[in-house]
Amino acid sequence: MALNRVSQLCHDITRLWLQLKMITDDIVHREHGPLCAEIGSELQKQFAILPGGRGINGSPVMVFPEFPAFSELEEEEFQNVLSYLTSVPSVTASGEGFILVIDRRLDRWAAVRTTLLRIAGSFPGNLHLVLVLRPNTFLQRTLSDFLFKFNKDEFKMKVVMLSSVTELHAYIDPGQLTTELGGTQEYCHESWISHRTAIEAFALMVKTTAQTLQAFGTELAETELPNDAEATTNLLHVHMLKKDTMKEDLQVALSQGGRLLECINEPLQTDPDYSMTYDELENLATVQRLLGQLDETETAFDDFWERHRTKLEQCLQLRHFEQHFREVRSQLDSTSERLSGFSEVSVNPAHAEHVLRELSGHESKACDVLDCALSLASEGDRLIENSHYAEDSIRPKCSELRGVCEEISSTLRGKKNMLLRAMELHHALEKASRWCEEGIFLLASQPVDRCQSQDGAEAALQELERYLDTAPLHTLLDRGAICCQYEAVLTPQLRDQVEKVFQKQTSVQEMFEKRRVSLKKLAAKQTRPVQPVAPRPEVKSPLSSPNQQRKERRYSADNVICKKVESPVQNGGTRHASLSEEEENLAVLRRHVMNELLETERAYVEELLCVLEGYAAEMDNPAMAHLIPNTLISKKDVLFGNMSEIYQFHKRTFLKELEAYTDCPELVGRCFLERMKDLQIYEAYCQNKPRSESLWRQCSDCAFFQECQKKLEHKLGLDSYLLKPVQRITKYQLLLKELLKYSKGCDGCDDLQEALSSILGILKAVNDSMHLIAITGYEGNLSELGRLLMQGSFSVWTEHKKGHAKVKDLARFKPMQRHLFLHEKALLFCKRREENGEGYEKAPSYSFKHSLSMSAVGITENAKGDNKKFEIWCNSRDEVFIVQAPTPEIKTAWVNEIRKVLTQQLQACRDASQQKISDAVSPSPTSNNSSISLSPFRSNGQKNQKKQEEKKVEPSTISEVNSSPKHKDSAPHVTLSKVKWMSTSSLLQSKRRGTEPR
């Protein structure tokens with residue numbers, strides 16, 4: 001509604017501008033003739049005037065007063081005055097035709113004839129009647145009467161010869177004639193010119209103001225809303241300044257129009273009985289109409305500006321909301337990821353309590369994030385309530401925030417409930433186990449001699465009965481009920497504990513039953529004594545403490561009764577038991593990650609199939625052909641890329657191979673390594689993604705996609721599913737990281753690490769290829785430069801040698817911003833261009849500027865005392881590039897990579913010709929009397945798996961500045977200030993010139 005209102009206001013402003021333009025064009029007549037100010041000198045001669053009178057039929061009266069030099073007027077001057085005068089009356093009045101009054105009473109017939117012929121030949125307007133006051137002298141009057149009869153056909157217009165002004169009054173009312181013609185109309189030619197000049201100047205000002213206003217209104221209406229808060233703030237400020245300027249211009253125009261209106265009305269204020277001429281009335285109406293239109297335009301513009309300002313302010317609110325949304329969404333994702341990786345599996349009550357405390361810590365942090373998210377959602381609701389124009393964009397984000405908050409809250413509640421249930425089961429198991437242990441101790445503690453008598457047997461029997469009565473309160477009664485009640489938390493380990501406790505309970509109850517039978521026999525009257533045997537497996541030393549004896553008897557009884565029950569371990573258990581528990585926990589976590597990998601893989605395959613059958617196949621369906629727009633015809637390969645190839649690989653190969661590792665998730669890295677080449681098909685898909693997304697935006701609203709989505713019952717559009725392959729290849733590295741975290745020390749740990757590195761390599765290759773295809777202006781073939789090793793943005797200074805002097809390129813103190821692409825054979829310097837478009841089309845472009853062959857390159861690792869700078873040079877430093885990285889870490893990574901390239905070149909050169917390399921090496925003493933080799937590469941004493949890194953030392957600077965600890969050589973007492981690396985070709989060139997490499 002707001003946008004429609006703004007559009008309507010823009011149309012209103014345009015309409016008012018067109019009306020003002022018509023009025024001003026009618027006044028100034030730029031298309032038809034000159035302005036009053038331009039022909040002021042010609043009008044001052046007064047050979048023709050327009051006093052403002054009208055004929056009986058409303059025809060404007062134009063008077064040609066006595067002007068002896070009329071025949072001497074230049075044709076251009078004559079035409080300008082007549083064209084201007086005929087343009088002054090309104091179109092309606094001019095349409096009636098002009099009445100010309102030619103006063104030649106003091107002139108001769110020849111002058112009359114000349115005037116009539118000149119007017120007949122060049123009068124620019126419609127002529128209604130020509131009234132001629134003929135000469136007064138007898139001779140000229142007689143001559144005029146006689147010659148006029150013979151020449152009137154020559155004039156080609158209706159001409160009436162008048163002898164006096166009295167006869168003139170028969171044709172024109174005296175009130176419409178000036179006093180010179182016997183009328184009563186007061187006319188001042190100077191005032192007339194002044195008024196016309198002022199009116200036309202005002203009309204031009206109004207026209208200019210209206211044009212500027214219309215242009216500004218169009219600019220506001222066509223302004224695209226910025227995508228960030230800072231740009232929106234700047235745009236609002238600029239538009240405010242322009243709006244204030246426009247308001248000042250409008251006020252100036254209105255003020256000038258008011259003064260002009262007062263000037264036109266001045267005769268009425270001086271003499272209320274003053275009667276305005278028709279031209280004065282038209283001027284008054286015109287100025288009033290202009291002022292009215294200006295006032296209406298100002299009101300419409302104010303309304304339009306208010307709407308535009310509100311729109312920009314809402315845009316600023318939206319950008320702030322979107323920025324906060326991205327921040328909060330990232331925090332929610334991190335919280336959700338932490339919770340998803342949080343295991344609620346516990347092995348005993350103490351562990352369960354520890355896990356619960358950890359979960360409470362996560363919950364406390366999550367609550368802060370959830371509060372921020374819900375607060376932001378409430379802010380979005382307020383924007384919607386205030387009729388924000390982007391309601392359709394804000395509402396889904398608010399719903400998404402609340403949905404994610406509810407999901408996280410539900411996850412927290414679920415995990416907390418699981419832990420509480422697990423703790424409840426642990427306590428129940430511990431309680432039942434403790435009852436069994438105390439029962440075993442009770443059986444073991446009953447003295448044998450006491451049970452020999454009938455009374456002793458009865459007392460022991462009653463003691464057993466009382467203890468058995470407590471069984472329902474302490475033991476687990478129904479295995480099936482327990483499994484059903486705690487099914488959600490029963491891990492395999494916990495299920496084994498439940499089984500062990502039930503076995504222990506059964507064994508203890510069997511012992512009690514056997515003891516009861518024995519004691520009942522003893523309690524009965526016997527003919528001879530019966531000596532029951534107490535279940536004591538061994539005799540304890542009298543030196544043992546009572547507690548020790550109790551524990552030993554209990555543990556011995558356990559071993560005798562239930563061999564499946566593990567014997568308790570004193571002092572917190574052995575190291576071996578703790579390690580076993582930890583390994584079991586890690587195994588559970590690995591299985592959890594593997595299950596997630598398999599489940600998401602199956603879902604991914606199903607989604608790809610759904611897209612290929614529900615969308616791609618339908619593009620070939622004749623029944624759907626009428627719904628497909630022209631821009632989409634024959635563009636299936638562009639829209640879907642190689643999705644079919646990806647689906648076939650995952651469906652037929654990768655999913656089946658992953659399922660083979662279900663029971664040994666720690667070995668799944670082998671599967672990734674074996675299929676790493678196949679996974680490179682994602683690079684082609686990602687490279688095609690910008691074209692696919694551009695095509696989708698052109699056709700996203702077409703009926704074809706809507707019908708397909710309706711058939712599939714998808715809540716999300718096709719664009720969300722086209723993004724699935726990009727998300728999937730990124731998801732693999734997250735899952736591999738999780739598996740690697742839980743597989744330390746396992747057999748497949750190295751494979752997992754290598755698989756993770758390979759996946760990250762694929763992602764880097766995809767990212768690098770997206771940058772490479774954005775390079776413009778490079779005339780060669782990028783594929784001939786070898787593999788892209790690194791790319792990034794840097795600040796670059798250049799220096800060149802000219803003669804013997806080193807001159808900074810263009811005296812630059814400010815660095816150039818360049819994006820560097822390091823290939824195996826060349827280093828490219830490009831300029832990053834502005835990002836345009838949306839989504840994938842927002843990717844930057846790079847203009848090629850310069851390239852260096854790696855065979856002619858050398859580097860200096862430290863430059864100008866800045867730990868973020870290094871030098872890249874060639875041709876013995878004839879051309880030096882000082883490169884500043886964003887961080888020291890990035891600088892180190894680039895230096896190491898370039899060093900590897902140069903090291904490989906040196907190794908290749910050594911392999912080709914050992915003699916040339918040995919000739920290029922020469923010793924040089926150091927400043928502290930230590931003997932070190934000054935070959936272009938020096939070993940740092942640390943061996944890599946593939947090669948040794950070697951450095952080039954600059955002798956002249958060894959003792960000047962202390963080196964950074966990162967670049968110290970392996971020699972114990974040598975301080976190196978700068979370390980340089982040279983390409984083999986540069987090294988050999990220096991050797992041939994007989995100079996030491998610098």
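Since the model is a prediction, treat every value here as computed from it, not as a measurement. Side chains are part of it too, since the values below use all heavy atoms of this structure and drop only hydrogens, waters and symmetry mates.
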Return a table of donor-acceptor pairs under 3.5 angstrom between the side chains of residues 821-829 and protein atoms on other chains or two or more places apart.
| unit_1 | atom_1 | unit_2 | atom_2 | d |
| --- | --- | --- | --- | --- |
| His823 | ND1 | Gly786 | O | 3.3 |
| Glu824 | OE1 | Arg787 | N | 3.1 |

Expected list for residues 772-779: side-chain donor-acceptor pairs under 3.5 angstrom, two or more places apart:
| unit_1 | atom_1 | unit_2 | atom_2 | d |
| --- | --- | --- | --- | --- |
| Thr776 | OG1 | Tyr846 | O | 3.1 |

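Under the side chain to side chain donor-acceptor pair (under 3.5 Å) criterion, Asp333 pairs with Arg329, not counting sequence neighbours. Qualifying side chain to side chain donor-acceptor pair (under 3.5 Å) partners for Gln884, counting only residues two or more places apart in sequence or in other chains: Asp866. The salt bridge (charged side-chain N to carboxylate O under 4.0 Å, His left out) test applied to Lys764 returns Asp768, not counting sequence neighbours. Residues that satisfy the side chain to side chain donor-acceptor pair (under 3.5 Å) test with Ser793, not counting sequence neighbours, are His819.
Arg319 and Asp228 are not joined by a salt bridge, as no carboxylate oxygen comes within less than 4.0 angstrom of a charged side-chain nitrogen. In summary, Glu674 and Arg670 do not engage in a salt bridge, as defined by a charged side-chain N under 4.0 Å from a carboxylate O.
Inter-residue side-chain proximity for Lys869 and Asn862 is flagged as unmet; no heavy-atom pair is nearer than 4.5 Å.
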Open item on the list: side-chain contact (heavy atoms from CB on, under 4.5 Å), that's the test. Do Val857 and Trp873 meet it? Break it down for me.
Closed with: CA-CA 6 Å; Val857 161; Trp873 43 271; over 6 Å; no
TODO: Report the C-alpha distance between Leu679 and Phe649 in whole Å, list the side-chain angles of each, state the deciding distance to 0.1 Å, and finish with yes or no for side-chain contact (heavy atoms from CB on, under 4.5 Å).
DONE: CA-CA 9 Å; Leu679 288 171; Phe649 164 66; 3.7 Å; yes
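Formation of a donor-acceptor pair under 3.5 Å by the Arg590 side chain with backbone atoms of Tyr742 is found in this model. At distances below 3.5 Å, at least one donor-acceptor pair connects side-chain atoms of Thr903 with backbone N or O atoms of Arg899.
Defined by atom type and a distance below 3.5 Å, a donor-acceptor pair is missing between the side-chain atoms of Arg832 and Ser847. Side chains of Lys891 and Asn896: a donor-acceptor N/O pair is absent below 3.5 angstrom, by distance only. Between the side chains of Tyr682 and Gln687, no donor-acceptor pair of N or O atoms lies under 3.5 Å.
For His850, the NE2 atom is densely surrounded, since the number of other residues' heavy atoms within 6.0 Å is greater than 12. The number of heavy-atom neighbours closer than 6.0 Å to CD of Gln727, taken from other residues, nucleotides and ligands shown, is above 12.
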